[in-house]
Number of protein chains: 2
Amino acid sequence: MRTFEAVLAQIEQRIAADGLTVGDRLPGERQLAGQLQVGRSSVREALRVLETLGVVSSQVGRGPDAGAVLISRPAGTLADLLRLNLGLATMSAREVLDTRLMIERWSAARVTSAPPAMAEALTAMDGAASPEEFVTHDIAFHVALTDAAGNRLLSAVMRALRDALVSNAVEAVRRLGHTDDLQSDHRRIHTAIEAGDADEAVEAVTAHLARAYEHVLH
Amino acid sequence: MRTFEAVLAQIEQRIAADGLTVGDRLPGERQLAGQLQVGRSSVREALRVLETLGVVSSQVGRGPDAGAVLISRPAGTLADLLRLNLGLATMSAREVLDTRLMIERWSAARVTSAPPAMAEALTAMDGAASPEEFVTHDIAFHVALTDAAGNRLLSAVMRALRDALVSNAVEAVRRLGHTDDLQSDHRRIHTAIEAGDADEAVEAVTAHLARAYEHVLH
DNA sequence: GAAAGGTGTATGGTCTGACCATATTTGGTC
DNA sequence: GACCAAATATGGTCAGACCATACACCTTTC
C-alpha cells in the first residue's frame with residue numbers, strides 16, 4: 001500500500017472515531033505528517049484525494065478557519081466524474097440523458113407541491129434574451145424539481161448532470177431557434193405539480209425531455 | 001488558481017485535443033513537469049486527482065505499460081463518494097436505498113431478457129452458508145439486473161451503492177435469520193423478466209426491496 | 001481606553017534535489 | 001540461443017527550503 005493511501009485510511013478512521021462532522025478542522029499538514037511519521041507530501045496527496053471527493057476544503061492563512069476543514073460537497077466530484085468519463089467515451093450522452101429522465105420522472109412522481117424556485121425560474125425564462133440565459137433558468141427549473149423530491153443524493157447527481165450537459169443544452173437551444181414548445185412544457189409540468197397530479201406531472205416531464213432529446217443528441 | 005489545478009486543466013485539455021482514449025499513456029511525471037514548467041509535486045497532485053476520479057492509473061517500473069495510463073473506472077470513485085458522505089451524515093441510508101430502488105425499477109422495466117449472471121447468482125444463493133455469502137450472490141443478482149438495462153452510468157452507480165451498503169446488508173440478513181422470503185422474491189423477479197412481463201418485474205422488484213428495507217433501516 | 005498600524009507566526013502552496021523500489025531494457029557471457 | 005547482470009526509466013517518498021496569505025498580538029497614537 002502506498003503511503004498516502006495509509007494516510008487516507010488513518011484520516012478516515014479518525015473522522016469516524018472522533019465523530020468529526022462538517023465544519024470541524026483537521027490537524028495541519030505538518031502536524032499530521034509528524035503524528036503519522038510520514039513526509040508532508042504524502043499527507044498532501046491524501047488531502048488532495050479528500051478534496052477531490054468533496055470532503056475537505058483547504059484554506060490558507062491563519063486563524064480558526066484556516067487549514068483543512070471538513071465539508072460535504074459531492075456535486076463537484078460527480079460533475080468532474082461525468083465530464084471526464086464522457087470525454088473518454090465510456091459513457092454516452094444518451095446514457096447520461098436517460099439517467100436524467102429517470103431522476104426527473106422519479107422526482108415528479110413524488111413532489112407534493114411546486115417549490116417557489118420553480119415559479120421563479122419559469123418567469124425568468126420568459127425574459128431570457130440569449131440561449132445561455134434561457135438554459136440557465138431552464139436548469140434552475142429542473143434542479144428545483146429534483147430538490148423538491150428531498151433526496152440529497154439525487155439532487156447532487158442532478159447538479160452534476162447539469163454541469164456535464166450545459167454546453168450541449170446551449171447548443172441545442174441555439175439550433176432550435178425558438179423555445180416556445182419547451183416553455184409550454186414547463187408550464188404544463190408546473191401546473192400538474194401544483195395541482196398535485198403526479199401521473200400528469202410524470203407524463204409532462206417525459207414528454208418535455210423527449211422533445212429536448214431530439215435536439216441534444218447528434 | 002493553484003498550480004496543480006492548472007496542470008489538471010492542461011492534462012484534460014491535452015486528452016481532448018490529442019484524442020487520447022483508454023489505454024493511452026501520459027508523459028512521465030518529470031517530463032510533464034518540464035513541459036509545463038512546474039514542479040514535479042504539482043504534477044503528482046494533479047495525477048492524484050485524476051487517479052481519484054478513476055481516469056488514470058499509475059504503474060511503476062519501466063516499459064510500455066509503465067507510467068500514467070488512461071482508464072475509465074468511475075465506480076470506485078462513486079463508492080468512495082457515497083461512503084464518505086454517509087459518514088459525514090449529509091446523506092442518509094434512506095436516500096441511498098431510495099436511489100437504489102429507483103434504479104432497479106427503471107432497469108426492471110427495460111430489460112427484455114434475463115442475463116445468465118442472474119440465473120447463476122440465483123442458484124448460488126441456494127447454497128449460501130453464511131450471511132456474507134448470501135449477500136455476495138444477492139448483490140450479483142441485482143447488479144446483473146442493472147447491467148442488463150445497458151446504461152453504464154447506472155451500472156457504475158449501482159456498484160457504488162453495493163460497496164457502500166454491503167456491511168448494512170450483511171447485518172440485516174444476520175438479524176433476519178432466514179432468507180426464504182428474499183429468495184422467493186428473487187425467483188419472482190427472475191421469472192417475470194424471463195417472461196418479458198415488465199410491469200410484473202417492476203412490481204416484484206418494488207416488493208422485494210420494500211421487504212429488505214424493513215430490515216436494513218434502523 | 002480605543003483606534004490604528006506594524007510585526008510575528010502558523011497555514012497551505014510550491015519547488016528542488018535526493019534516494020528508494022520496481023520492472024523493463026540492454027548487453028554481455030556461456 | 002539461453003541465461004544472467006548492469007543500466008535505466010518509472011512512480012513513491014522524504015527533507016528542506018521558500019513564498020503568499022491571513023490572522024494574532026503588540027506597540028503606538030490620540
Side-chain angles (χ1 to χ4, degrees), chain A residues 1-12 14-15 20 22-73 76-77 80, chain B residues 1-12 14-15 20 22-73 76-77 80:
Chain A
M1 180 185 283
R2 294 176 286 186
T3 305
F4 82 89
E5 291 173 319
V7 174
L8 213 40
Q10 284 285 323
I11 293 176
E12 186 174 347
R14 175 178 302 200
I15 290 174
L20 299 184
V22 172
D24 291 337
R25 277 180 56 185
L26 258 41
E29 295 177 357
R30 293 168 179 83
Q31 186 178 345
L32 220 37
Q35 289 176 8
L36 302 177
Q37 290 288 294
V38 299
R40 194 181 153 206
S41 55
S42 294
V43 171
R44 280 185 62 80
E45 293 195 13
L47 290 174
R48 196 61 64 223
V49 171
L50 292 175
E51 185 180 314
T52 303
L53 292 172
V55 171
V56 308
S57 170
S58 294
Q59 320 293 334
V60 303
R62 183 174 166 165
D65 291 344
V69 180
L70 286 180
I71 61 175
S72 185
R73 310 209 185 292
T77 305
D80 292 339
Chain B
M1 179 186 285
R2 292 176 286 185
T3 305
F4 82 89
E5 290 173 321
V7 174
L8 213 40
Q10 285 285 324
I11 293 177
E12 187 174 346
R14 175 177 304 199
I15 290 174
L20 300 183
V22 172
D24 291 338
R25 277 182 56 184
L26 259 39
E29 295 178 357
R30 293 168 179 84
Q31 186 178 344
L32 221 36
Q35 289 176 8
L36 302 178
Q37 291 288 293
V38 299
R40 193 180 155 207
S41 54
S42 293
V43 172
R44 280 185 61 79
E45 292 195 15
L47 289 174
R48 197 61 64 223
V49 171
L50 292 176
E51 185 180 314
T52 303
L53 291 172
V55 170
V56 308
S57 169
S58 294
Q59 320 293 336
V60 303
R62 183 175 167 165
D65 291 345
V69 180
L70 287 179
I71 61 175
S72 185
R73 309 211 185 295
T77 305
D80 291 340

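Quick caveat, the model's predicted, so the values are computed rather than measured. Naming: A, B, ... by sequence-line order, numbering from 1 per chain.
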Provide, to the nearest angstrom, the distance between the [atom1] atom belonging to [X] and the [atom2] atom belonging to [N].
X	N	atom1	atom2	value
B:Glu45	C:dT16	CD	P	15 Å
A:Glu29	C:dT11	CD	C1'	8 Å
B:Gln37	C:dC15	CD	C1'	12 Å
B:Leu26	D:dT10	CG	P	13 Å
B:Leu47	D:dG11	CG	C1'	10 Å
A:Arg25	C:dA10	CZ	P	13 Å
A:Asp65	C:dG12	CG	P	13 Å
A:Leu36	D:dA15	CG	C1'	17 Å

Contacts of B:Gly67 and A:Ser42 projected onto DNA chain D by closest heavy atom; the upstream (5') one is B:Gly67
Return yes if the base of [N] and the side-chain atoms of [X] contain a donor-acceptor N/O pair under 3.5 Å, otherwise no.
X	N	result
B:Arg30	D:dG11	yes
B:Arg40	D:dG12	yes
B:Arg44	D:dG11	no
B:Arg62	C:dT25	no

Quick one: does A:Arg25's side chain have a donor or acceptor within less than 3.5 Å of a partner on A:Pro64's backbone?
yes
Verify, without hydrogens or angle tests, whether A:Arg30 (side chain) and A:Arg40 (backbone) share a donor-acceptor contact under 3.5 angstrom.
no
Please figure out whether B:Val60 or A:Glu51 has its closest DNA chain C nucleotide nearer the 5' end.
A:Glu51
Per nearest nucleotide of DNA chain C, the residue lying toward the 5' end, B:Gly63 or A:Gly61, is A:Gly61
Does the side chain of [X] reach to within under 4.5 Å of the side chain of [Y], using non-hydrogen atoms?
X	Y	value
A:Asp65	A:Val69	no
A:Val56	A:Ile71	no
A:Gln35	A:Arg14	yes

If you check every side-chain atom of B:Ser58, which of D:dT10, D:dC23, D:dG12 has the closest atom?
D:dG12
